[in-house]
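First up is the structure itself, then whatever we jot down about it.
The sequence lines fix the lettering, A, B, ..., with proteins before strands; numbering per chain opens at 1. Note that the structure is predicted; figures quoted are calculated from it, not measured.
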2 protein chains.
Amino acid sequence: MARGAVTIIDVAQAAGVSKSAAARVLARNGSVSDKTRMKVLEAAARLGYRPNHVARAMKSGATNTIGIVVPDVALPFFSAVLRGLADTARAAGFEVLVSNTDNDADIEARSLELLAEQRVDGVVIAPVFQENPAAIVRLDREGMPIVLLDRRMPGLEHLPLVSLDHVDATERAIRSLIEGGHRRIALVTEAAQVRSTLESLTSRTSESSDLSLLRPSAQRFVGYLRALHRAGLEIDDELIIRSGYTTGDAQQAVEAFLDRDTGATALHATDAVLSSGAYRGIRACGFSIPDDLSFIGFDDEDWTTMVQPAVTVVEQPRQRLGATATTALVGIIRGGAAEPREQLLEAELVVRGSVAAASLPSHTLRCEPIRTGVSAPSPSTSGRL
Amino acid sequence: MARGAVTIIDVAQAAGVSKSAAARVLARNGSVSDKTRMKVLEAAARLGYRPNHVARAMKSGATNTIGIVVPDVALPFFSAVLRGLADTARAAGFEVLVSNTDNDADIEARSLELLAEQRVDGVVIAPVFQENPAAIVRLDREGMPIVLLDRRMPGLEHLPLVSLDHVDATERAIRSLIEGGHRRIALVTEAAQVRSTLESLTSRTSESSDLSLLRPSAQRFVGYLRALHRAGLEIDDELIIRSGYTTGDAQQAVEAFLDRDTGATALHATDAVLSSGAYRGIRACGFSIPDDLSFIGFDDEDWTTMVQPAVTVVEQPRQRLGATATTALVGIIRGGAAEPREQLLEAELVVRGSVAAASLPSHTLRCEPIRTGVSAPSPSTSGRL
DNA sequence: TTGAAAGCGCTAACAG
DNA sequence: CTGTTAGCGCTTTCAA
């Protein structure tokens with residue numbers, strides 16, 4: 001600000017015209033004679049004039065800035081979303097202010113407060129799961145354009161949401177396993193719900209209004225139930241592996257699971273964190289993928305193509321999520337138009353080598369931990385396929 | 001802005017005091033009676049007053065906002081840097097505006113221009129490599145506080161730089177291999193320089209002034225040369241694997257290299273992208289790590305602990321790079337103090353299982369491509385160890 | 001301690 | 001087509 005600070009007045013003086021004449025030229029609106037335009041443009045270029053967006057914002061009430069509030073931009077998912085959002089925002093003439101919440105409601109509230117003080121024109125937020133999202137509600141009431149990303153919760157029903165179609169994503173993965181002949185398919189989930197709570201959502205077709213209030217993990221769980229249900233397969237609680245939301249938890253849970261004789265021929269983990277833990281667990285037990293067990297992961301992180309065989313995954317259109325959310329937000333800012341309450345993007349199943357057809361009935365296979373640190377020759381216990 | 005728009009005037013009226021009295025309370029400076037303070041605070045709370053940072057910036061000339069300009073926030077390195085930067089900035093009372101350049105000089109120039117128009121108080125930038133960084137130079141001349149991140153180039157000698165100590169990072173990796181008994185150590189590099197150009201930098205101790213103008217890749221190359229030099233080992237051009245900057249290139253280059261009989265017992269790739277390519281190349285040839293070849297990667301990406309054995313890597317303190325850059329920038333903004341021209345952070349060697357001691361003299365080992373898609377039982381051609 | 005008043009740089013309504 | 005003028009919300013002298 002104290003910068004070079006060439007103002008519109010300096011330009012006007014140098015060009016020998018009035019402040020408003022210069023303003024008209026520089027803001028390219030209002031009519032001006034060619035001669036005046038020339039003089040002003042020349043003076044502006046010579047002096048190195050640079051419009052002051054702060055003053056402009058002060059006057060117009062629009063900062064041409066939007067905020068994005070996410071748990072952690074360092075997570076691959078959110079950094080990709082941010083990228084998509086930033087590109088779209090820039091193309092629409094907006095700058096982007098970022099905030100991390102670390103899934104802390106207080107930090108989130110504080111971040112929103114700061115963004116509001118900065119007078120951003122709108123906010124895209126992946127909200128922290130909380131009882132009472134008061135900060136968001138308050139901002140919304142005050143008229144701040146808000147678009148939810150990836151998550152909704154009670155109290156925010158009226159806000160537009162851009163999210164993956166979580167139900168469909170998982171359903172798609174499970175369906176592909178079923179089509180491959182798998183019948184006993186295990187699921188690693190961090191959803192807390194018991195099966196029966198979600199099972200009612202399985203049959204009805206368009207319950208998205210209910211579904212969107214569930215956490216993504218629960219929605220994905222529904223996708224699992226729905227896929228089995230539609231295929232006429234029985235749902236076996238034994239195949240549902242509950243895990244805390246850490247790689248370590250998932251690994252442990254999967255190892256414990258594999259140690260039991262469940263007859264599972266395939267396993268799907270419904271999240272990136274759970275996927276890497278599950279994969280580790282499978283390997284730690286000495287199981288060979290896909291010979292002993294087929295595996296489908298979630299999110300296309302780089303490790304999935306570094307291991308052998310490469311892992312079949314459900315991939316989210318991360319950048320597109322950010323871009324879509326931004327487009328929706330800009331629409332609200334510009335038009336005040338009521339955006340569709342929900343935009344669900346489709347996931348894609350990236351088929352690689354971690355899934356085999358299940359032609360033979362499953363047989364007993366137990367977890368046999370291998371000596372860590374030694375590159376494990378796959379036990380090849382089974383001759384399936 | 002058009003928001004709830006409770007202004008300081010509204011508060012003053014509600015409190016029955018003058019605008020300036022209210023301002024003094026709300027900006028907590030200037031002396032006010034307790035009674036006045038109470039009344040104002042109460043009114044502000046009741047009305048939901050929220051300071052308008054735009055107006056404040058307009059008046060004070062400080063936006064309390066900084067910009068970060070990087071090639072791509074979706075890359076793990078930059079997203080981690082951004083996280084560190086955002087945390088530090090927030091703690092210091094600054095908001096963060098992000099820009100991606102995709103390594104395009106024009107986009108970079110445009111981004112800087114926009115940030116300047118927004119009147120950010122300072123900029124942290126990982127500049128695009130270019131002949132003439134005019135946009136950065138211009139901003140600097142106009143007095144904009146700037147801190148370079150990770151890269152410097154001719155024309156920017158005077159700007160403070162926060163970077164990894166690239167030379168030391170690679171030197172450290174190579175030294176550890178040497179200490180493990182390796183003598184024929186291959187390097188995958190994207191540096192364009194011929195060996196002799198850099199070799200002169202090997203002996204002198206504190207040529208950092210010269211070194212910082214080299215690209216990170218070249219600096220790392222110097223680290224390689226320096227490590228061998230100091231160990232009194234001969235440098236063999238045959239062991240230097242030149243690669244383009246893509247995973248595919250690196251894989252191809254490594255495969256071609258392994259197809260020759262060079263007697264290498266260890267290999268180091270000086271970058272995350274090259275590392276994954278190199279790793280793929282080694283595996284594609286059917287080599288077993290570390291039995292046939294020891295391997296050290298660069299950057300601690302998630303795949304390095306998903307493969308077996310886990311990969312020993314040189315790890316950069318990414319978040320700390322962002323934090324350090326921000327601290328430096330804030331120092332300049334606040335104090336105008338001349339920051340140290342260069343702050344080089346140390347890398348850490350994370351020792352895992354991909355390095356074996358080289359006890360036996362190397363023997364002939366050729367690349368034997370394996371059938372892709374088949375999980376390769378390691379050939380175990382050699383009985384080393 | 002308090003209030004009045006002058007802007008920060010820009011836009012826009014208005015008069016000429 | 002052009003110049004004058006009145007603010008946007010806030011901070012900060014300057015008097016009182």
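- Residue contacts shown for Ser20(B) include a base, since a base heavy atom lies under 4.0 Å away.
- With hydrogens and angles ignored, the 3.5 Å screen pairs a side-chain donor or acceptor of Arg152(B) with a backbone N or O of Leu156(B).
- Side-chain atoms of Lys59(B) come within donor-acceptor range of the base of dG7(C), with a qualifying N/O pair under 3.5 Å.
- Atom C1' of nucleotide dG7(D) and atom CD1 of Ile8(B) are separated by 17 Å, given to the nearest angstrom.
- dG9(C) atom C1' lies 6 Å from atom CG of Asn52(A), rounded to whole Å.
- One interatomic measurement links the two molecules: NZ of Lys39(A) to C1' of dC1(D), which rounds to 12 Å at whole-angstrom precision.
- Remark: Arg56(B) is in phosphate contact with dT11(D), judged by side-chain N or O atoms under 4.0 Å from OP1 or OP2.
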Does the pair Gln118(A) and Thr63(A) meet the rule for a side chain to side chain contact (heavy atoms under 4.5 Å, CB included), with working shown?
CA-CA 8 Å; Gln118(A) 299 275 357; Thr63(A) 52; over 6 Å; no
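- Across all strands shown, Ala21(B) has heavy atoms under 4.0 Å from sugar-phosphate atoms exclusively, and none from any base.
- The shortest distance between side-chain heavy atoms of Arg90(B) and Ser111(A) falls below 4.5 Å.
- We find that CD of Gln118(A) is positioned 17 Å from P of dG9(D), with the value rounded to whole Å.
- Tested against Leu149(B) for a side chain to side chain contact (heavy atoms under 4.5 Å, CB included), the candidates Ile125(B), Leu85(B), Val69(B), Val124(B) yield a single pass: Val124(B).
- Using a 4.5 Å heavy-atom cutoff, the side chains of Leu321(B) and Phe77(B) are in contact.
- For dT1(C), neither phosphate oxygen OP1 nor OP2 lies less than 4.0 angstrom from any side-chain nitrogen or oxygen of Thr36(B).
- Between dG9(D) and Thr7(B), no contact under 4.0 Å exists linking OP1 or OP2 to a side-chain N or O.
- As rounded to whole Å, 13 Å separates atom P of dT1(C) from atom NZ of Lys35(B).
- Atom-to-atom, CZ of Arg37(A) to C1' of dC1(D) comes out at 11 Å; the value is rounded to the nearest Å.
- Closest to the side chain of Lys19(A), out of dG9(D), dA6(C), dC10(C), is dC10(C).
- For the pair Glu117(A) CD and dG9(D) P, the interatomic distance rounds to 15 Å; values are reported in whole Å.
- Each of Ser33(B) and Ala23(A) was matched to the nucleotide of DNA chain C holding its nearest heavy atom; the match closer to the 5' end belongs to Ser33(B).
- Remark: Arg24(A) is not in phosphate contact with dT11(C), judged by side-chain N or O atoms under 4.0 Å from OP1 or OP2.
- Each of dG9(C), dT11(C), dG3(D) was ranked by its minimum atom distance to the side chain of Val17(A); first place goes to dG3(D).
- Residue side chain Arg50(A) does not reach the base of dG9(C) through any donor-acceptor N/O pair under 3.5 Å, judged by distance alone.
- Atom P of nucleotide dC10(C) and atom CG of Leu26(A) are separated by 8 Å, given to the nearest angstrom.
- Remark: Ser31(B) is in phosphate contact with dT1(C), judged by side-chain N or O atoms under 4.0 Å from OP1 or OP2.
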